[in-house]
Each structure stands twice: as C-alpha cells, then as structure tokens.
Protein chains: 2
Amino acid sequence: MATSTVENYLKHILLLSEAGAAGALVPMGGLAAALAVVPGTATTMAKSLADAGLIEHRPRHGVRLTAEGRRVALNVLRKHRLVETFLVNVLKMDWSTVHPEAERLEHAISDEVLDRLDALLGHPATDPHGDPIPSAQGKLSTEVHATLATCATARPLRVVRVTEQSAEFLHFAEKNGLAPGATVRVTGRNLTAGLVTVKKNAGRPLALSLAAAGKILVTPVRG
Amino acid sequence: MATSTVENYLKHILLLSEAGAAGALVPMGGLAAALAVVPGTATTMAKSLADAGLIEHRPRHGVRLTAEGRRVALNVLRKHRLVETFLVNVLKMDWSTVHPEAERLEHAISDEVLDRLDALLGHPATDPHGDPIPSAQGKLSTEVHATLATCATARPLRVVRVTEQSAEFLHFAEKNGLAPGATVRVTGRNLTAGLVTVKKNAGRPLALSLAAAGKILVTPVRG
DNA sequence: AGATTCATTTTGACTAATCAAAATAACCGT
DNA sequence: ACGGTTATTTTGATTAGTCAAAATGAATCT
C-alpha cells in the first residue's frame with residue numbers, strides 16, 4: 001500500500017504534468033515546491049518512486065508518471081475532489097475551507113467509501129471549484145477553457161472553474177460573485193496596466209489583476 | 001498536533017481503562033497487545049507520552065491518562081464512533097466492515113467536520129455496534145449492561161451493544177439476529193459446558209459459547 | 001567556446017516509530 | 001525469605017521521510 005507521502009508525490013506530479021505540456025517531464029524544482037520540501041528530498045523520493053515503478057526518473061531532467069503511477073495518482077485526485085464535493089454539498093462547508101480537509105481525507109478513505117460517496121453525490125463531474133473529478137475508470141477531463149484574462153470581452157460568460165486553493169482567493173471570488181456558475185462580462189482589459197474589469201449582471205464593475213483573472217475559467221453563454 | 005500514532009495510544013489506553021477498574025493503571029502488556037506492537041515499543045512510547053503530559057507512567061506498573069490525555073482520547077473515540085455511524089447510516093455500509101475504515105478516518109477529520117457529521121446524524125448517542133459516543137463536552141456514558149452470559153433467563157431482552165469489532169463476529173451476530181435492537185430470550189445456560197442457548201421470537205434456538213455470549217450486551221424489555 | 005548561473009543530486013545528520021533480544025524488576029508460592 | 005516465572009525496560013538496529021549544505025551537471029549568454 002502506498003503511504004500518504006507517496007500518494008502526495010504522485011498526485012502533485014499528475015497535477016504539474018496536467019498543467020504543463022503533454023508528455024513533458026516535471027522538473028524537480030517545481031515538484032519540491034509543490035510539496036513544500038527541499039529539492040534534495042524530492043530527488044531522494046523520486047529515486048524510490050522510480051524503484052517502485054511508479055514514475056520514470058530522468059536524472060537532472062525531471063520525472064514522469066508511469067501507467068501505474070498515473071493510476072494511483074488519479075485515484076487520489078478522485079478521492080480529493082469527491083471529498084471536497086461531499087464536504088460542500090452534504091456537510092455545507094464553505095468551499096474556501098475544504099481543501100486542507102480533503103488533503104488529509106484523500107489518504108484515509110477506501111475505494112469502497114469512495115464509490116459510495118460518488119453514488120451519494122450523484123456521480124458529479126466537477127468539484128465545488130469546478131475542477132474535473134477523474135472517473136472511476138481513470139479518465140480525467142482536460143477540457144480547456146478561456147480565463148477572464150484571455151476571453152472575449154463584452155460577451156456574457158459563465159464561470160466554470162477557479163484554479164486556486166487558497167482560502168483568501170476563494171473567499172474573495174465568492175464575495176465578488178465569481179464562484180462557478182456565476183454569470184459575468186468582461187468590460188475592459190488593459191494589458192499594460194495588468195488590469196481586467198468585469199461586471200456582474202446588475203452589479204458595479206470590479207477590477208482584477210491579470211494574474212487573478214487568469215485563475216477564473218469561463219465559457220461563453222448564449223446571451 | 002498529536003500524530004495518529006499518539007492518538008492511537010491514547011485511544012487504546014482510554015478503552016482499556018474503561019474496561020478495567022476505575023482509576024486503575026493500564027498494564028503495558030495489554031496496551032502493547034491492543035496496539036499490536038512489541039512491549040518494548042509501548043514502553044518507549046509511554047515515556048514520550050508522559051513527557052508530553054498526556055499520560056502518567058508508573059514504570060513497571062502501567063499508565064493512566066492525564067486530564068489532557070483523556071480529552072484527546074475522547075475526541076478521537078468520538079470521531080471513530082461518529083464516523084462508523086456515518087458509514088452505516090448514510091453510506092449504508094455493513095456494520096461489520098466499518099471498523100477498520102473508521103480506524104483511519106478518525107485521525108483525518110477535523111473538529112469542524114466532526115461537529116457537522118454529528119449534526120447530520122442527529123447527535124446519536126451510540127454507534128451501530130451500540131458503543132456509546134462521547135459527547136462534544138467529553139462525557140462518555142458508562143452504563144453497565146448485563147450480557148447474554150450473565151442476564152436473567154427466560155425474560156425478553158433487547159440487544160443494546162456488541163462489544164467486538166472483528167468482521168467475523170459481527171457478521172455472525174447479524175446473521176443470527178443479534179444486532180443491537182434485536183429482541184431475544186435466553187432459553188438455557190450451562191456453565192459447565194460453557195454454553196448459552198438463545199431464541200429469537202419466532203426462530204429456532206441458537207447455541208453460543210459463554211465467551212461469545214459475554215460480548216452481547218442486553219437490557220430487559222417489558223414483555 | 002568559455003565562464004557563469006541555476007537546478008539538481010549527494011552527503012551526512014536527524015526524528016518518529018518500530019523490532020529483536022538481553023537485562024532487570026516485581027510478584028507468587030512454598 | 002528464596003527462587004522461579006512473568007512482565008517490563010533497555011539496548012542496538014532499522015525504515016521512512018526529512019533538512020542543510022556541499023558537489024556536480026546543464027544551460028545560457030555573451
């Protein structure tokens with residue numbers, strides 16, 4: 001059985017490789033940063049994960065999941081996102097507080113509980129942040145969305161995902177009506193100043209940094 | 001924050017001390033056995049728990065929880081039993097499979113989740129095995145019940161608790177209508193042979209060893 | 001191409017938790 | 001009170017995971 005440390009390494013390698021180019025190696029530096037360990041620790045761990053056949057380690061270049069490693073990582077990610085969904089939908093917890101909770105629970109629940117949770121929640125496709133939940137068969141939707149930093153302006157949009165897990169940011173997004181499901185419109189964008197202005201249907205305009213806007217994924221909606 | 005190993009030691013010390021005489025020391029041997037470690041390991045850990053002020057260690061005699069240790073232990077036990085209740089009542093899992101699951105989850109859920117689970121379940125007083133759930137204020141009901149090995153014969157009884165966590169035994173109990181809530185009657189008891197016979201309302205009699213009968217706690221019912 | 005910079009790996013050391021086996025203390029019966 | 005049995009503690013080692021800091025290799029920039 002994989003320890004929760006191992007599960008965490010695999011999960012973060014998966015997340016980083018989804019973020020990067022397809023088939024690319026995940027560099028050790030990024031991995032170490034994601035796991036909040038010093039680089040040397042990540043290297044040590046990479047060697048043992050490679051010995052266990054869970055990752056491929058190209059020394060001095062980076063790591064990549066094997067098929068088996070990916071299987072384990074997807075299972076952990078599925079647990080994480082279903083647990084988050086459970087905590088918000090059933091226990092009515094705030095979506096901004098749910099991440100650290102799921103971070104621990106994802107290593108504690110069995111596949112049996114996972115399946116029952118999935119059924120209880122009605123086999124949801126995404127978690128409360130809009131992050132896709134890997135299917136039981138290990139399929140992870142990779143639909144690519146525009147962000148408030150890149151989308152067309154003036155058109156009505158629906159927020160589909162918020163790719164940040166810090167409570168601060170999530171709180172901010174909720175307060176300003178930018179949670180998944182919300183409808184907004186980009187009223188202005190100034191690349192030089194690094195500013196995006198958005199407007200909710202009947203609200204006053206709100207200014208966001210490009211960095212923040214880039215974390216809000218949207219899809220056009222028939223207006 | 002206490003590690004899950006620490007939480008486990010404290011929980012088992014609590015369970016063993018509840019089982020024994022009030023105020024008695026829990027011997028190291030029993031503790032080591034309960035935790036499935038060699039005695040030397042339990043001694044080492046006892047020293048560090050004592051240093052942390054969680055237990056009192058009387059070398060060569062045994063251990064006892066301090067007020068703080070008891071507080072932590074009760075919190076863990078509360079999590080364990082509420083999780084079991086959740087798994088059975090909400091996720092519809094079998095009561096015989098739920099113990100090992102809760103054994104991991106009890107260390108992974110926060111007090112926040114604990115409280116919400118408690119509310120969701122309607123503040124239950126006992127878990128599916130009939131074991132009392134410590135209150136949020138740290139009160140643990142210590143009601144003392146007769147067992148099928150010690151109760152009056154011929155009278156109608158209600159099963160209130162089954163003090164075993166092995167899936168085999170729980171399965172057996174359920175198959176034979178001896179889960180909490182069931183009504184039974186002791187039709188015979190032979191101390192010499194170590195046998196107890198019980199009968200369900202409309203069922204055929206069932207023979208149990210005294211050891212097994214001692215694990216089924218019952219209360220008289222107006223009949 | 002050569003030197004500098006930056007990421008990565010190595011090395012040595014540490015903590016938590018464990019075991020095996022030797023040493024020691026407590027208890028119990030005569 | 002003595003000797004033997006049994007429980008407990010000590011001692012020495014092991015494993016997983018980590019850090020700090022030195023060593024090394026890759027990449028970049030004139």
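Convention: sequence-line order gives letters A, B, ...; per-chain numbering from 1.
In this structure, OG1 on A:T147 lies 7.0 Å from CG on A:L217, to the nearest 0.5 angstrom. Considering CE of A:M28 and CD1 of A:I13, their distance stands at 7.5 Å, rounded to 0.5 Å.
Across the protein-nucleic acid pair, B:E7 atom CD and C:dA16 atom C1' stand 15 Å apart, rounded to whole Å. Residue B:H107 contributes atom NE2, which lies 12 Å from atom P of C:dA17 at whole-angstrom precision. B:L35 has its CG atom 12 Å from the C1' atom of C:dA17, to the nearest Å. C:dA17 atom C1' lies 15 Å from atom CG of B:L10, rounded to whole Å. If you take CG of B:L25 and P of C:dC27, they are 11 Å apart, rounded to a whole angstrom.
Judged purely by distance below 3.5 Å, without hydrogens or angles, the side chains of A:S166 and A:E164 pair a donor atom with an acceptor atom. For the 3.5 Å distance criterion, the side chains of B:T66 and B:E56 fail to qualify, holding no donor opposite an acceptor.
Remark: of the listed residues A:L54, A:T43, A:V26, A:V26 is the sole one forming a side chain to side chain contact (heavy atoms under 4.5 Å, CB included) with A:V63. When the options B:E84, B:R161, B:R81 are evaluated for a side chain to side chain contact (heavy atoms under 4.5 Å, CB included) with B:H129, the one that passes is B:E84.
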Give me, pair by pair, the N or O atoms of the protein and of nucleotides 13-18 of chain D that are less than 3.5 Å apart, along with how far apart they are.
unit_1	atom_1	unit_2	atom_2	d
D:dG17	OP1	A:T3	OG1	2.6
D:dT18	OP2	A:Y9	OH	3.2

Would you tabulate the pairs of protein nitrogen or oxygen atoms and nucleotide nitrogen or oxygen atoms of nucleotides 5-8 of chain C closer than 3.5 angstrom?
unit_1	atom_1	unit_2	atom_2	d
C:dT8	OP1	A:M28	N	3.3
C:dT8	OP2	A:G29	N	2.6
C:dT8	O3'	A:R60	N	3.3
C:dT8	O2	A:R60	NH2	2.5

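Between A:G40 and B:A42, the one whose closest nucleotide on DNA chain D sits nearer the 5' end is B:A42.
With salt bridges taken as basic N to acidic carboxylate O contacts below 4.0 Å, none links A:E106 and A:R78. The residues B:E112 and B:R116 are annotated as salt-bridged, a charged nitrogen and a carboxylate oxygen being separated by less than 4.0 angstrom.
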